[in-house]
Amino acid sequence: MISEKLGKNIKQLIGDSSGVMFLIGLFLLVIFIIMAVFAPYIAPYSPIKPTGAQLLPPQVGHIMGTDNLGYDVFSRVIYGSRMAFSIAFIATIIAAAIGIPTGLIVGYVGGKLDSVVTMIMDSIYTFPGLILAIAIAAMLGQGLINISLSIAVVYIPTYYRVIRSQVATIKSELYVEGAKAIGAKPKTILSKYILPNVLPSTIVVLSMNIADAIMTEAGLSFLGLGIAPPTPDWGYDLSKGQQFILQNDWWLVVFPGLAIILIVLGFSMFSEGLNEYLNPNIGEKR
Amino acid sequence: MKLKTYILTRILLSIPMILIILTIVFFVLRVLPGNPVLAMLGPKAPPEVIHAMEHQMGLDKPIIIQYFVYLSHIAVGNFGISTYTSLPVLQELLQKFPATFELTLYAMIVAVFIGIFMGTYAAYNFGKPVDIFARVYSIFVYSFPVFWFGIMLQLIFGVWLHWLPVSGRSAPFMIPDHIYTGIYTIDSLLNGEFEVFIDTVRHLILPSVTLGIVISSIFVRMVRSNVLLSLSSQYVTAARARGATEKKVLFKHALKNAMPPILTIMGLQFALLLAGAILTETTFSWPGIGNYLITRISYRDFPAIQGAIVFFAFFVSIISILVDIINAWIDPRIRY
Amino acid sequence: MLITEKLGVGCMADNVVVVKNLKKYFPLKLPWLEAFLKKEKPMVKAVDDLSFSIKKGEALGLVGESGSGKTTVGRSIIRLIEPTDGKIEIGKKNIINLTENELRKERRNFQIIFQDPMASLNPYMTIGKSVIHPLEIHNIGTPKERKERVLEIFEKVNLIPAKEFFNRYPKQLSGGQRQRVVIARAIITNPKFIVSDEATAMLDVSVRSQVLQLMLEIKKEYDLAFLFITHDLASAKYICENIAVMYLGKIVEIAPTKELFENPHHPYTQILMSSIPVPDPNFKKKKIIPKGEIPSPTNMPTGCRFRTRCPYAKKECEDVDMSLQMINERHFSACPFF
Ligand SMILES: Nc1ncnc2c1ncn2[C@@H]1O[C@H](COP(=O)(O)OP(=O)(O)OP(=O)(O)O)[C@@H](O)[C@H]1O
Ligand SMILES: [Mg+2]
């Protein structure tokens, strides 16, 4: 996963002070969350109403300039965070809602079921995620839910693999055998003895996954497979802005790109710090 | 296990994986809510026309029969006929493939080159500014969306400096006379067309550097930590003690020990490279399979879309088999 | 077969646990290609034809070197792992025939205490919840009664003040306290039979004797049948009425504790006895050293399994079977020559 490697890098850079990393990540996230929640109050213009002045470079009144339709780029960047968050959250929740139970059950049952499901999940996992998402998005068409679904499919195996491998080790722990010995049903064992023990690492995967989903979403909408225009979306704005770079209208592409980079960095640092905090020993094992 | 046995098992093991991807692609494209015929003809098409089209495409048969027909077609290399150009999809794909291959090949070379040099120097100057630069580099570069980075390079080197062309694979009339491999850098040299070669390279630089730099982050990190490890190993200490020059110690001994993991990473990053290639091709209008896929999506050319994805599946499988075999050949322990 | 009958016969009435011809074979893991080609799958005979019985209020010690199959016996008789073959009765109930569901219900009657108390407790459950859980599973009492019962048991196992301990997590306890929690969990459903698999092996020496004392107390108080697995003969002597000595999946000698210590018959038992430190220096035993390593259970010697290491081994040992021979009414040994 992009964010996992990123976080590891950053941690290496600032040494043992993973608390600092967590805080920087948190700071970036809080800024983006505030942007998304209070977009109407922060943005100076409506993101989907032309302001009348087309292709203006950054200046007072339009600090990030305007695009070819006269939309205010700064306002679109602010509102774009909404799209990034919504799709990333929905996709992550769908992927987790399918991947986690599957990993739990298959990891616990083991045997033939395990071999078959794991082979399927591994095949999806090794296949380039963006290409799979493109295929599904191409079929489903544009729209918030459709894009989220296409992205979710890509990340189901991530959850499955993390959960399954943990369950496979945890199920041979003595306390699971102890639960069997007191007559607990498999359902109880899974929910009370195994799930709480895999949850901390799941939370980390969830938060890393959001960064990846944002990246994939940006890619899909750059390719024109995202949300229908004129809804503000960083990836889409980038691809539209690219048409004007030959005229040197750099502000159309620089700012949405920076937003993507900062939000991805934020989530990566945040989740790596979280990982350090929740699973102090897991880092080395992975 | 003998190498031959290993190769055989590895190939056999990849068959289920390819089958699974084929199955997923099939069901994604056939079972998901969208109806390909409706999508192609538009919602206002008269029912007779829709039925005729469905019949022609075999869509009126039970889904399971369609599935096996599809598998048997793929097995004999029949990827269907494009509804946009009416050409066999496989023929189109094979014609586009060398462009994608050339792009990914040079991107990989760029990535490995940066990885080895930056990683080695960072490790050698552990904790010094070079090292810190390398680490900041690999953090930032990895968070770049590849298309955004591509556009930035276009802006800087194409628009501001006018050094390099910003899109396409070659200037008009700058295509090699005879196509042997489809890889223009090789074909132009084989033809002795030096100008064409220069033009090809100029077009190739921005896309392959874009993709290469984004991928290079992992290599830098990998090489750096491996070289750090082997620099502290007895082997290197011994070489130093024998009086080997520092340069020799670094490149001959430390780096040599760090090489095998690089190969594994190359294999692992391949999926990422291909995904990146699609975005890069779109950014630079590079006429490869990624660009083909995206264009055909906008034309709703379903046989082409399906074909391109199946083609990617085979490509990924073949590369991962190759990487595994090379690894097993270098390091016999892997075979067990 | 005659001997095994005798082990249980006579006082059948108060036998809580009867195990007959218990076998547990583990298939050996092979690389898949080899596994595919080989017709006969090689097996690890971890437990090979074992019979014994335990009376109400009595403890049977199961001693033997590491790898002799003690844990496998303990786990198979309560079907935490499925036995390959054999008959098991606990409290007159045939355990082997039970379906999964019936077995789960029956589990309130027999419990197991493992070696590692930290690993036996769910780190994300307070110890109160851990101990109350068996009552919830078996639907015993109202929630209020359950909690009262847990507090009562906590006091019994000396986790005082019980109310405070109730809400603690395992990592906030010492090793001895954790094992007390595990014991509390084991006895909370009033079982008839408890397996203790080296329950004190990981504890500090000082704590060990306290926990042993506690086990002795609960055994008396609840009239429990105990299977006390250990490789420490001294603690077996402290707790157990009878002791069975295991070697490579077989019982080589079984006898009342006193009898076994005074008159060990099987050469292997003698070796085990000679290797425990004797407190009384005047009572020095002749030290007999076993030769070599314990053989791998996949490649067992023919005849007597102990002959490769037995100081008295002779030619005939290659074809004896290891059935138990009667020494007296309650003492049996698997060596026909000694
Ligand atoms: N799940 C298993 N799969 C395969 N072999 C096993 C399994 N469990 C135990 N064995 C084998 O069965 C034999 C007996 O093991 P067991 O754990 O019962 O011995 P033990 O007497 O309890 O030893 P220790 O004193 O070390 O606990 C060993 O050779 C072991 O390798
Ligand atoms: Mg054991």
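First the proteins, then the strands, lettered A, B, ... as listed; each starts at 1.
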Practice problem: Show the numbers, then the answer: is there a side-chain contact (heavy atoms from CB on, under 4.5 Å) between F140(B) and L265(A)? | Solution: CA-CA 8 Å; F140(B) 271 90; L265(A) 278 175; 3.6 Å; yes

Self-check item: Closest approach of P128(A) to V316(B) (non-hydrogen atoms, all atoms of both residues)
Solution: CD-CG2, 3.6 Å

Exercise. Would you indicate whether the side-chain heavy atoms of I20(B) and D122(A) approach each other to under 4.5 Å?
Key: no

Practice problem: Measure the spacing between CG of L258(A) and CZ of F144(B) and express it to the nearest 0.5 Å. | Solution: 8.5 Å

Quiz item: Going by residue number, which parts of residues 305-312 of chain B are within reach of chain A, meaning a heavy-atom gap below 4.5 Å?
Solution: I309(B), F312(B)

Quiz item: Distance from I151(B) atom CD1 to I245(A) atom CD1, nearest 0.5 Å?
Solution: 6.5 Å

Practice problem: Please say whether more than 12 non-hydrogen atoms of neighbouring residues, nucleotides or ligands are located less than 6.0 Å from CZ in F244(A). | Solution: yes

Practice problem: Give the C-alpha distance, both sets of side-chain angles, the deciding distance and a yes or no for side-chain contact (heavy atoms from CB on, under 4.5 Å) between T23(B) and I120(A). | Solution: CA-CA 10 Å; T23(B) 310; I120(A) 295 176; over 6 Å; no

Exercise. Identify the two heavy atoms, one from R300(B) and one from A138(A), that lie closest to each other, and give their separation to 0.1 Å.
Key: NH2-O, 3.5 Å

Practice problem: Supply the atom-to-atom distance I21(B) CD1 to T126(A) OG1, rounded to the nearest 0.5 angstrom. | Solution: 6.0 Å

Quiz item: What residues of residues 279-288 of chain B sit under 4.5 Å from chain A when only non-hydrogen atoms are counted?
Solution: L279(B), T282(B), T283(B)

Quiz item: Could you give the distance from CG (L155(B)) to CG (N248(A)), rounded to the nearest 0.5 Å?
Solution: 6.0 Å

Quiz item: In Å and rounded to the nearest 0.5 Å, what is the CD1 to CG distance from I131(A) to L274(B)?
Solution: 5.0 Å

Quiz item: Where is the tightest heavy-atom contact between W148(B) and V253(A), given as atom of each residue plus distance?
Solution: NE1-O, 3.0 Å

Quiz prompt | Atom CH2 of W160(B) with >12 non-hydrogen neighbours under 6.0 angstrom | solution = yes

Self-check item: Engaged part of I260(A) at the chain B interface, taking heavy atoms whose separation is under 4.5 Å
Solution: side chain

Self-check item: Residue part contacting chain A, namely of L273(B), when any heavy atom lies under 4.5 Å
Solution: neither

Practice problem: Please name the pair of heavy atoms, one in I261(A) and one in P145(B), separated by the smallest distance, quoted to 0.1 Å. | Solution: CG1-CD, 3.6 Å

Quiz item: Rounded to the nearest 0.5 Å, how far does CD1 of I297(B) lie from CE of M139(A)?
Solution: 11.0 Å

Quiz item: When only pairs under 4.5 Å are counted, which of G235(A), G224(A), P256(A), A218(A) shares the most heavy-atom pairs with chain B?
Solution: A218(A)

Self-check item: Under 4.5 Å from any heavy atom of chain B - which part of V254(A)
Solution: both

